[in-house]
Amino acid sequence: MSEELSIIQGSKEEQYQSLIPQIKALIGDEKDRIANLANFTAALKEAFQFFWVGFYFVQKEELVLGPFQGLIACTRIQKGKGVCGTSWEKNEVLIVDDVERFPGHIACSSITKSEVVVPLVKDGEVIAVLDVDSEELATFDAIDKQYLKELCDWLVTII
Ligand code: SME
């Protein structure tokens with residue numbers, strides 16, 4: 001396993017296409033869920049310089065903070081609350097161009113301007129969400145949705 005990411009210049013799509021095999025190699029046949037999700041968040045943040053990347057796990061009627069990279073964050077989020085809780089409730093990828101325009105957005109940090117939340121779905125049930133935050137407005141688009149969803153669908157098979 002290489003312990004350095006190779007970060008390429010190029011389009012966002014090319015960057016994801018370069019990053020995905022590296023993340024898969026980094027995780028390799030490691031089975032520890034926390035180790036794998038921790039390295040996943042570090043790789044994604046380093047590759048794209050996102051402001052915050054992390055997981056929340058579904059525990060009963062709440063989301064509970066999991067491995068993340070970035071500033072300290074809210075520990076628990078109720079179902080249906082904020083972008084994360086709404087993504088969980090709807091079992092849907094949510095892209096928010098301007099968090100101030102999302103009713104009920106939970107501002108863990110006032111620096112976050114836009115975000116994408118991707119549910120991790122196992123046997124039809126959301127078991128966690130991936131939250132990625134940006135300091136810029138409208139950072140995330142259909143390309144992020146496609147590749148982050150692909151990554152989350154794969155993560156579900158290995159965690
Ligand atoms: N903004 C999120 C909360 C999580 S933090 O940004 C890390 C939300 O509205 O669900």
Side-chain angles (χ1 to χ4, degrees), residues 5 7 12 15-16 19-20 22-23 26-27 30 32-159:
L5 284 183
I7 313 280
K12 186 167 18 182
Q15 287 179 292
Y16 275 112
L19 180 65
I20 288 175
Q22 293 187 72
I23 288 181
L26 176 66
I27 289 177
E30 175 57 57
D32 189 275
R33 181 191 217 206
I34 299 297
N36 288 339
L37 296 182
N39 254 341
F40 179 93
T41 61
L44 201 55
K45 187 172 191 301
E46 186 183 333
F48 290 101
Q49 301 294 304
F50 292 133
F51 175 66
W52 196 93
V53 180
F55 291 94
Y56 282 90
F57 297 123
V58 171
Q59 280 187 21
K60 299 184 181 154
E61 288 306 298
E62 289 178 320
L63 291 171
V64 181
L65 185 63
F68 72 95
Q69 289 275 314
L71 300 184
I72 57 169
C74 326
T75 308
R76 290 175 187 268
I77 296 174
Q78 305 302 308
K79 192 171 192 178
K81 302 291 181 195
V83 187
C84 292
T86 307
S87 168
W88 170 24
E89 187 171 55
K90 294 187 168 170
N91 190 349
E92 224 173 69
V93 178
L94 292 182
I95 293 174
V96 178
D97 287 342
D98 180 353
V99 295
E100 288 188 12
R101 290 170 172 270
F102 186 93
H105 168 254
I106 300 164
C108 292
S109 165
S110 60
I111 298 169
T112 294
K113 297 282 185 292
S114 60
E115 68 181 275
V116 57
V117 179
V118 183
L120 277 69
V121 184
K122 191 168 200 165
D123 302 326
E125 296 286 314
V126 178
I127 57 165
V129 299
L130 169 67
D131 181 15
V132 185
D133 296 357
S134 164
E135 292 168 274
E136 313 283 333
L137 291 167
T139 295
F140 305 102
D141 57 21
I143 292 172
D144 300 284
K145 178 176 175 175
Q146 177 192 332
Y147 287 103
L148 293 176
K149 176 91 174 61
E150 184 184 312
L151 279 165
C152 287
D153 288 347
W154 167 72
L155 278 176
V156 163
T157 68
I158 60 120
I159 61 170

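Whatever order the structure lists ligands and atoms in, that order sets their numbers, starting from 1. Position 1 is the first residue of the sequence; numbering continues from there.
- The protein non-hydrogen atom at the shortest distance from atom 10 (O) of ligand 1 is C84 N, 2.8 Å.
- Heavy-atom proximity to W52, at under 4.0 Å, picks out these atoms of ligand 1: 7 (C).
- Polar contact with ligand 1: absent for T112 (N/O pair, distance under 3.5 Å).
- Atoms of ligand 1 found under 4.0 Å from any heavy atom of G82 (numbered from 1 in listed order, with element): 9 (O), 10 (O).
- Side chain of D141 to main chain of D144: a donor-acceptor pair is present (N/O by atom type, distance under 3.5 Å, no hydrogens or angles).
- Within ligand 1, counting atoms from 1 as listed, the ones closer than 4.0 Å to a heavy atom of D133 are 5 (S), 6 (O), 7 (C).
- Of the heavy atoms in V99, none comes closer than 4.0 Å to ligand 1.
- Against a heavy-atom cut-off of under 4.0 Å, I77 is close to the following atoms of ligand 1: 3 (C), 4 (C).
- Interatomic distance, I27 CD1 to I158 CD1, rounded to the nearest 0.5 Å: 4.5 Å.
- With hydrogens left out, the protein atom closest to atom 5 (S) of ligand 1 is C108 SG, 3.1 Å, a heavy atom.
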For side chain to side chain contact (heavy atoms under 4.5 Å, CB included), just list the numbers for H105 and V96, CA-CA rounded to whole Å, side-chain angles, deciding distance to a tenth of an Å, and then say yes or no. CA-CA 10 Å; H105 168 254; V96 178; over 6 Å; no
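- Remark: E136 CD is loosely packed, at most 12 non-hydrogen atoms of other residues, nucleotides or ligands lying under 6.0 Å away.
- Checking only distances, I106 does come within under 3.5 Å of ligand 1, N or O to N or O.
- Residue-level proximity to ligand 1 for D131 is carried by the side chain, the only part with a heavy atom below 4.0 angstrom.
- Neither the backbone nor the side chain of F68 comes within contact range of ligand 1; no heavy atom lies under 4.0 Å.
- Between F40 and F55, the ring planes are tilted. Angles from 30° to 60° get that label.
- Rounding to the nearest 0.5 angstrom, the gap separating the CD1 atom in I20 from the CD atom in E150 is 4.5 Å.
- By the 30° and 60° cut-offs, the orientation of the rings of F48 relative to Y16 is tilted.
- Taking distance alone, with nitrogen or oxygen atoms compared against 3.5 Å, G85 stays at or beyond that limit from ligand 1.
- When heavy-atom distances to ligand 1 are checked against a 4.0 Å cut-off, F102 has no atom that comes that close, whether in backbone or side chain.
- Remark: among candidates T86, V83, I72, the nearest residue to atom 8 (C) of ligand 1 is V83, based on non-hydrogen atoms.
- Atom OG1 of T75 is separated from atom OH of Y56 by 7.0 Å, given to the nearest 0.5 angstrom.
- Among all heavy-atom pairs drawn from T112 and V99, the shortest one is O-CG2, 3.4 Å.
- Considering every non-hydrogen atom in both F140 and S114, the closest pair reads CE1-O, 3.7 Å.
- The N/O atoms of H105, backbone and side chain alike, include one that comes under 3.5 Å of an N/O atom in ligand 1.
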